[in-house]
Amino acid sequence: MTAGRAGGERRAPAPVTGGLRLSGAMGLRLAKGVTAAFVVCVVASACSSVSSPSTGAVASKAAHPRPAPLLVPSKGGTATVALDQVPTTLNDHTAAGDTPAGRMLGSAIWAQVFRVGPDLTPQLDTNVVDSAEVIGLSPQTVVYQIDPRAVWSDGTPISADDFTYAWQSQKGGAIDVDGTPDSVTSTLGYRDIESLTGSNNGKTVTVVFRTHFADWPSLFDDLLPAHVAQQVGWNHGFDHFAAGVFVSGGAWEVQSFQPGSDVVLQRNPRWWESPPSLDKIVVRAVSANAALTSGLSQGQVQVAYASGFDQSFLAQASSSSVLQSQASLGTRMLQLEFNVRRAPLNVTSVREGIAHAVDRAGIVESVGQPEDHSVWEDNHHLIPNAEPGYADDATGYETPDPVTSAHLLQQSGFALDGHGTWTVHGKPVSLDIVWAADDPWSAAVGPIVAGQLVAAGFDVVSTPMSTVQLDTSALPTGAFDLALVPVDASAYSSALGNVFSTAPAITGGASSADWSGFDDPKIDALFTQAVQELAPPRAHAIYQQIDQALWTAMPSLPLFAEPTLLVWSSTLSGVTDDPGGLGPLWNIRLWALRSAAPTNSANSDHSAIGPLRRSR
């Protein structure tokens, strides 16, 4: 019996197939986009009941109601998007900028090579690059052909210079304009490049790898303008708005930027493809559910994307007559980290004994499922259960097992005292657990895990703190026994190597996110093998071996993939979620405000706004 099935017997979860749940007024659930007729019913009073025909006049109106106007996408206007956070820098390749909001906005303004859309598979962005092809394997060689029309918003051509700058800055060891080392979240892939050559006036880029790198489509995302970055700097050049700095390589450019507060995007006048329908997008930081509800109901916010939400907000969003909502399973996994550098958690059997005492199904039932019925335990360390390739490797951890837990703890030298408390050498075993109090999912789960461990016989010290304190102090210094940590997965499993290894061969000299301190040379070797395996089926099989080894070593216990909730006004069309990391901003070029159709075109189909990429 798998863990998913174990929980499912009690809660009958819906199968996760990548499908999305859309809900609109009156709790209707639609498999695809809301029809124009439904939107008419939402917005117009014609869908309400009419009075009983007690008089001839009323009866006449009831028999011949005036048809509500058909709402169709129109050009122009502004939409306001509320996110939990607005980044403090728009270089999302730095440690400070690599946040969910930073990646969302980076995808809107910087030039792209590949995009990962809602289906969680990389797709070539042919708006910028005509082709990207592996032309050789010994050595691995990739050739990119940049669209001849592609230019930055200041008129400078997008060229091999931009690829070279991205490589040089992220391969490790680069020095910024102020003499400090370039801050990078990962050197993965870039450190494997032997050479990068431009030709054809910079519109052809040839990349030769020193060693094979299977996830090469992950490279050169969110390209920065080299001619600007080389002047203002990699680390801090994009921290503040300044004229001539935020030159765009996408359909949108930055009109203004207040770090941590708001970003205003406007059409890029030099965008060479079909322009966005909207004139502007305002992205604003609004975190509280109450503030989101107020902004949506008053029309101050047209789109809200809440990383954490409660039943009240979900109920209001799904029952509103002027809002639509979409709940999805995201790719951010909440995991319980064990600090293997601290006794007694440096013993594998102790970690296993604690893991067997945690009721993951109970956590999902009380925290995740009330918000999204498709949530259940995540039984993979690298792949969330909404992503293609997910497999259940959690054999033995389907449900809490107090007998196995006690056996493992006793085997490790633990003993129960007369009060039912675990002791070592006569002293109670105390566990310090930390989590981010301002992260909704961690804040909901933390007290539950602590309570379960107390019930299992441990003394527990709970320390909620801010995300900043957690990320900059508690986790880096190892000042914890257990920590609830959100782990961002993606279409590229290789990116999680630095979550489970401290070895420079895996981290590449970039900062490690392996807060547990765990490192196993055998698992490191498997990561290296997977990264270099160019055949996807064989690479996937290796990642499965890694996950199975992680369940045996138990440096962390996966809990669940955090659900996302996208809510938007029915006056806006084209809005969909990308649960793979880019949220609602992945296709903002296609958003449009709805307005009444001209009477002579009421029977036309206005639902399509145009393709994301042009046909060639």
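In this text, all values refer to a predicted model and were calculated from it rather than measured experimentally.
Asp84 and Tyr305 are not linked by any side-chain donor-acceptor pair at a separation below 3.5 angstrom, with hydrogens and angles left out of the test. Using modelled atom types and a 3.5 Å distance limit, the side chains of Asp524 and Ser501 yield a donor-acceptor pair. A donor-acceptor contact under 3.5 angstrom links the side chains of Gln112 and Asp222, judged on distance only. The closest side-chain donor-acceptor pair between Thr180 and Asn235 falls under 3.5 angstrom.
By the 30° and 60° cut-offs, the orientation of the rings of Phe220 relative to Tyr190 is perpendicular.
The closest side-chain heavy-atom distance from Val205 to Thr197 is not below 4.5 Å. Contact check for Ile363 versus Asp359: no side-chain heavy atoms found under the 4.5 Å cut-off. Here the side chains of Leu105 and Ile109 are not in contact, with every heavy-atom distance at 4.5 Å or above. Counting only heavy atoms from C-beta outward, the side chains of Leu188 and Asn498 never approach each other to under 4.5 Å.
When atom types are taken as modelled, the side chain of Asn339 and the backbone of Gly478 share a donor-acceptor pair closer than 3.5 angstrom.
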CA sep, side-chain torsions, deciding dist, call: Val367, Glu562, side-chain contact (heavy atoms from CB on, under 4.5 Å): CA-CA 10 Å; Val367 174; Glu562 299 178 0; over 6 Å; no
From CA spacing to verdict: side-chain contact (heavy atoms from CB on, under 4.5 Å), Arg360, Leu559: CA-CA 6 Å; Arg360 297 188 303 140; Leu559 299 178; 3.9 Å; yes
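Aromatic ring centres of Trp376 and Phe560: separated by at least 6.0 Å.
Counting all heavy atoms, side chain and backbone alike, Arg351 lies closest to Phe338 at CD-CB, 3.6 Å. Residues Ser490 and Glu387 approach most closely at O-OE2, 2.7 Å, considering heavy atoms. The heavy-atom pair separating Ser218 from Asp215 by the smallest distance is OG-O, 2.6 Å. The two atoms that bring Ile506 and Arg191 nearest to each other are O-NH2, 3.0 Å, heavy atoms only. Among all heavy-atom pairs drawn from Ser405 and His356, the shortest one is CB-CB, 3.8 Å. A pairwise comparison of heavy atoms in Pro558 and Gln335 identifies CA-CG, 3.9 Å as the closest pair.
Remark: Asp488 engages Arg103, Arg332 in a salt bridge (charged side-chain N to carboxylate O under 4.0 Å, His left out) (not counting sequence neighbours).
Interatomic distance, CZ of Phe480 versus CG of Leu475, reported as 5.5 Å (0.5 Å rounding).
Taking a cutoff of 4.0 Å between a charged side-chain nitrogen and a carboxylate oxygen, Arg115 and Asp125 qualify as a salt bridge.
Each of Tyr492, Tyr144, Trp216 was scored for a ring-ring contact (aromatic ring centres under 6.0 Å, His included) with Phe114, with one residue passing: Trp216.
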